[in-house]
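These numbers come from a predicted model, not from an experiment. Quick note on labels: first sequence line is chain A, next is B, and so on, each numbered from 1.
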Protein chains: 2
Amino acid sequence: MPRPELDDLDHALLGLLQRDSARTLAALGDQVGLSPSAVQRRIERFRETGLVDRTVAVLDAKRAGALLAVCLATLDRESRAEHERFRAHVLASPHVQQLYNVTGDWDYVVVLATTGVEEHRVVADAVLKDAPNLRRYSTMLVLDPVRATLDLPTRPAP
Amino acid sequence: MPRPELDDLDHALLGLLQRDSARTLAALGDQVGLSPSAVQRRIERFRETGLVDRTVAVLDAKRAGALLAVCLATLDRESRAEHERFRAHVLASPHVQQLYNVTGDWDYVVVLATTGVEEHRVVADAVLKDAPNLRRYSTMLVLDPVRATLDLPTRPAP
DNA sequence: TCTGAAAGTTTTCATCC
DNA sequence: GGATGAAAACTTTCAGA
């Protein structure tokens, strides 16, 4: 899949879509100065190339009564196969909201989403304590999810 | 805003909407066993109560060429006002994708999204190095965003 | 009060310019 | 990139449980 060339209008549209994708093609067109059909064609290209992966509803964590936890984990052996084994184990849980392989003292950042402390215990034990090839891990409970988005910049800020 | 009572169908709908909100009301209705209008009314209630905060397009971080970084930060003074000052400073940057106040040795987890290492340097300096009342911070660059969602459970897993 | 069905309106999609 | 007609979806209204 070739990397699509993005112009100013594409960047503007991607910014709008990341903040609110429920707008109509006409409304988006008004914002960036394009006809609805032109907007539609660009969005379709975003999806075809995989740049836009999906469209989702974002719940309010507080109203949903959810408990988030940011966990840090380091593996014992560092081989490719061991990493794969660890990832497969962690990804098997639907409570794993985010999983990042990172640089530094820790190998992975794992964000867990549960319905409360009781469930967190059970899930954290299953996902991390029982994980294969784990050397050590640490858990930080989220007291306040001040901001939670998946927004990405598509070009350097001016 | 009173907490809405959610039944099994609501939980099912919320799960579907968090994974893919681009489906039609008819398709959603087929999945859970409701008419399109009934589905619509429930979704409208989700929005009115604020349980569903917004609908967004999720970009593929690799294809977007984005660089993520997970930073940990600890404040110097722990007063409410100092927390507010720190948060306001951090939230002012659009590159702050996520910000969590957490328990443990660190006060905050900050996820930064930039277009590459050059921009990351600039942004990390502006957001964290120059942050008011910061005692210390640490940065982990994301080598691989294995999973990135905002999915939340709405009820305990069986 | 909530659900389901039907009519009216808007949006989206495909084709052509 | 824009414009048009056709198809689909959404919104509103109303009747029934």
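In this entry the distance linking CG of B:L25 with P of C:dT9 reads 19 Å, nearest Å. The nearest whole Å value for the distance from the CD atom in B:E44 to the C1' atom in D:dT12 is 11 Å. In this entry the distance linking CG of B:L28 with P of D:dA9 reads 12 Å, nearest Å. Atom CZ in B:R23 sits about 19 Å away from atom C1' in C:dT12, given to the nearest Å.
Nearest to the side-chain atoms of B:S37 among the listed nucleotides C:dG4, C:dT12, D:dG2 stands C:dG4.
Among the heavy atoms of the strands lying under 4.0 Å from A:T24 are primed sugar atoms or P, OP1, OP2 only; no base atom is included.
For the OP1/OP2 pair of C:dC13 and a distance below 4.0 Å, the side-chain nitrogens and oxygens of A:R41 include no atom meeting the criterion. Remark: A:Q40 is in phosphate contact with C:dC13, judged by side-chain N or O atoms under 4.0 Å from OP1 or OP2.
Looking only at distances, a side-chain donor or acceptor of B:R23 sits under 3.5 Å from a matching main-chain atom of B:L16. B:R147 contributes a side-chain N or O that, together with a main-chain N or O of A:L91, makes up a donor-acceptor pair within less than 3.5 Å. Listed for the A:H95 side chain is no donor-acceptor partner under 3.5 Å among the backbone atoms of A:H120.
Centroid-to-centroid, the aromatic rings of A:Y108 and A:F86 come within less than 6.0 Å.
Closest-nucleotide positions on DNA chain C for B:L9 and A:A22 were compared, and the one nearer the 5' end corresponds to B:L9.
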